[in-house]
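A quick write-up on the structure given underneath.
Remember, it's 1-based here, ligands and their atoms both numbered in the order they're listed. One is the number of the first residue; the rest follow in order along the sequence.
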Amino acid sequence: MAKIVLVLYDDPVDGYPKTYARDDLPRIDGYADGQTLPTPKAIDFKPGTLLGSVSGELGLRKYLESLGHTLVVTASKDGPDSVLERELHDAEIVISQPFWPAYMTAERIAKAKKLKMIVTAGIGSDHTDLQAAIDNNITVAEVTFCNSISVAEHVVMMIISLVRNYIPSYQWVVKGGWNIADCVARSYDVEGMHIGTVAAGRIGLAVLRRLKPFGVHLHYNDRHRLPESVEKELGLTWHAKREDMYGACDVVTLNCPLHPETEHMINDETLKLFKRGAYIVNTARGKLCDRDAIVRALESGQLAGYAGDVWFPQPAPGNHPWRTMPHHGMTPHISGTSLSAQSRYAAGTREILECYFEDRPIRDEYLIVQGGALAGVGAHSYSKGNATGGSEEAAKYKTI
Ligand code: NDP
């Protein structure tokens with residue numbers, strides 16, 4: 001029988017909810033590219049409930065225990081005294097969400113002698129050392145498309161919030177003020193702006209589609225060009241090199257995966273290519289940006305604003321400079337874990353587990369690594385190597 005370690009974020013500080021703001025979730029029939037929603041044989045949770053925190057258990061306990069497996073659920077994931085570290089030695093499967101990632105480094109993989117599969121309940125498996133998974137014949141899978149639209153909505157929200165100076169204006173209300181001039185001295189319309197995305201995959205393209213009605217000029221950079229019909233429909237300008245796009249845009253949003261090729265692609269040198277007063281929205285991965293270069297650019301005015309929900313490491317230490325830098329609109333990593341998204345990736349995780357235990361193939365669109373090589377969607381979107389360096393910093397969260 002297998003031991004499954006499920007790493008989830010903590011329950012709300014005032015306890016696991018007894019009631020919810022809404023009674024149900026809107027129904028969607030499939031994803032924009034024709035991919036089907038997750039298809040587990042059954043689910044043991046009510047869609048619309050909190051599944052991604054410890055008490056929600058991704059709705060997996062009944063299923064796994066009915067097969068005789070052991071399920072360990074914990075939020076304790078960093079440092080040598082963590083529950084994850086203690087349970088790893090005989091774990092067969094480790095599951096975590098990118099919002100609260102179980103950093104599966106080469107050292108941890110070496111300790112986990114029985115480990116066969118690492119599942120990302122969400123999208124983005126950069127918290128796993130993919131090279132170590134390849135070398136140790138460990139399957140890595142994620143739930144492709146489960147929260148792409150959730151993130152795209154967050155990106156659009158953040159672009160508009162930054163450009164219109166929403167958060168500081170809201171804060172004046174909470175403080176009891178009516179300081180119109182303070183609010184509008186940094187407030188613009190997005191209409192007429194040039195907005196570009198690095199990567200036009202599931203999220204990037206959904207962002208472009210959602211921005212089109214705002215009367216903006218849309219740009220993108222991607223390794224592969226979109227079909228001509230899509231470029232025409234959305235009026236897109238394609239840039240072969242992302243560095244060529246930066247100077248043409250008022251707002252740049254990052255929507256590419258983190259892998260060794262993209263790590264720190266926004267740095268002191270590349271920031272010089274941006275227009276003065278540009279905005280960056282990054283909901284892809286914190287490490288796409290050099291942390292301190294972003295702070296410097298906001299302080300100097302080279303950037304007018306920076307927003308996103310991804311940090312490195314996660315959780316971000318209490319003294320992470322992005323918490324206090326000027327003109328930011330950061331949230332914790334939440335864009336892909338709305339209650340709507342949770343119900344999809346909980347079902348997708350269940351589907352992956354059903355395939356694994358029934359010895360059926362996992363969908364190609366969910367596979368990142370299998371049989372000692374990048375596989376499925378991973379072979380297309382990821383590169384070999386490791387992007388987990390520095391993750392031990394996450395252990396500092398509790399001490400600050
Ligand atoms: P997709 O795989 O659909 O899209 C990724 C796109 O990035 C592809 O079009 C790919 O190009 C392109 N790409 C890869 N490398 C580069 C590069 N070096 N330069 C330019 N483009 C590149 O993934 P999603 O859109 O679903 O997700 C994107 C990322 O967003 C994820 O990897 C994850 O890190 C992050 N994410 C964040 C979430 C959150 O909660 N904040 C939730 C979900 C995802 P091509 O395929 O043409 O080669």
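- For Arg360, the CZ atom counts as densely surrounded, since its 6.0 Å shell holds more than 12 non-hydrogen atoms of other residues, nucleotides or ligands.
- Inspection of the Tyr9 and Thr337 side chains reveals an N or O donor paired with an N or O acceptor under 3.5 Å.
- Between Glu65 and Lys62, none of the side-chain N atoms (NZ, or NE/NH1/NH2) sits under 4.0 Å from a carboxylate O, so this pair counts as no salt bridge.
- Ranking protein heavy atoms by distance to atom 44 (C) of ligand 1, first place goes to Ile203 CD1, 3.6 Å.
- Here Arg242 does not pair with Asp244 in a salt bridge; the nearest charged N to carboxylate O distance is not below 4.0 Å.
- Nearest non-hydrogen protein atom to atom 37 (C) of ligand 1 is Thr283 O, 3.2 Å.
- Of all protein heavy atoms, the one closest to atom 20 (C) of ligand 1 is Asn221 OD1, 3.6 Å.
- Counting only heavy atoms of the protein, atom 11 (O) of ligand 1 lies nearest to Asp222 OD1, 2.7 Å.
- The contact set between ligand 1 and Phe99, taken as ligand atoms under 4.0 Å from a residue heavy atom, comprises 40 (O).
- Interface of Ala199 with ligand 1, defined as ligand atoms under 4.0 Å from a residue heavy atom, comprises 6 (C), 7 (O), 12 (C), 21 (N).
- Within ligand 1, the atoms closer than 4.0 Å to a non-hydrogen atom of Glu261 are 18 (N), numbered from 1 in the order shown.
- Looking only at heavy atoms of the protein, atom 4 (O) of ligand 1 is closest to Gly201 CA, 3.3 Å.
- Among protein heavy atoms, the minimum distance from atom 26 (O) of ligand 1 is reached at Ser148 OG, 3.4 Å.
- Within a 6.0 Å radius of CD in Glu358, other residues, nucleotides and ligands contribute more than 12 heavy atoms.
- Residue contacts with ligand 1, taken as heavy atom pairs separated by less than 4.0 Å, involve Ile123 via backbone and side-chain atoms alike.
- Here is the list of ligand 1 atoms found below 4.0 Å of a heavy atom in Gly336: 40 (O).
- Remark: side-chain polar atoms of Asp11 are paired, donor with acceptor, to backbone N or O of Ser55 under 3.5 angstrom.
- In Asn255, the part holding a heavy atom less than 4.0 Å from any atom of ligand 1 is the backbone.
- Trp311 carries Arg323 over the face of its six-membered ring, with the cationic atom under 6.0 Å from the centre and within 45° of the normal.
- Looking at His224 against ligand 1, both its backbone and its side chain come within 4.0 Å, counting heavy atoms.
- With ring centers used as reference points, Phe357 lies under 6.0 Å from His69.
- Taking a cut-off of under 4.0 Å to the non-hydrogen atoms of His333, the atoms of ligand 1 that pass are 39 (C), 40 (O), 41 (N).
- Looking at Glu233 and Lys212, no side-chain N of the basic residue comes within less than 4.0 Å of a carboxylate O on the acidic one, giving no salt bridge.
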task = I would like to know whether Thr283 and Asp309 meet side-chain hydrogen bond (donor to acceptor under 3.5 Å, both in side chains); could you show each step before the answer?
result = CA-CA 5 Å; Thr283 55; Asp309 68 331; 4.7 Å; no
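- Every atom of ligand 1 with a heavy atom of Asp309 under 4.0 Å away is listed here by number and element: 41 (N).
- Taking the six-membered ring wherever Trp is involved, the centroid distance between the rings of His154 and His333 does not fall below 6.0 Å.
- Although no hydrogens or angles enter the test, the distance criterion places a donor-acceptor pair under 3.5 Å between the side chain of Glu142 and the main chain of Gly124.
- Protein heavy atom in closest approach to atom 35 (C) of ligand 1: Ala284 O, 3.6 Å.
- Within a 6.0 Å sphere centred on NZ of Lys175, heavy atoms belonging to other residues, nucleotides or ligands number more than 12.
- Both the backbone and the side chain of Pro257 come within 4.0 Å of ligand 1, judged by heavy-atom distances.
- For the pairing with Tyr306, the ring-ring contact (aromatic ring centres under 6.0 Å, His included) check across Phe274, Tyr279, Trp322 returns one residue only, Trp322.
- Proximity of His259 to ligand 1, defined as any heavy-atom pair under 4.0 Å, is confined to the side chain (atoms from C-beta onward).
- Heavy atoms of Gly122 come nearer than 4.0 angstrom to ligand 1 in no pair at all.
- When only non-hydrogen protein atoms are considered, atom 23 (O) of ligand 1 lies nearest to Arg202 NH1, 3.9 Å.
- Using a 4.0 Å cut-off to heavy atoms of Ser335, the atoms of ligand 1 that qualify are 39 (C), 40 (O), 41 (N).
- At a 4.0 Å heavy-atom cut-off, ligand 1 touches Val151 through the side chain alone.
- The residue Phe145 has no part lying near ligand 1, judged by heavy-atom distances below 4.0 Å.
- In terms of polar-atom proximity, Cys256 is not counted as a contact of ligand 1, lacking any N or O under 3.5 Å from an N or O of the ligand.
- At a 4.0 Å heavy-atom cut-off, ligand 1 touches Arg242 through the side chain alone.
- Relative to the six-membered ring of Tyr63, Arg350 meets both conditions, a distance below 6.0 Å and an angle of at most 45° to the axis.
- Below 4.0 Å from some heavy atom of His380 lie the following atoms of ligand 1, by number and element: 45 (P), 46 (O), 48 (O).
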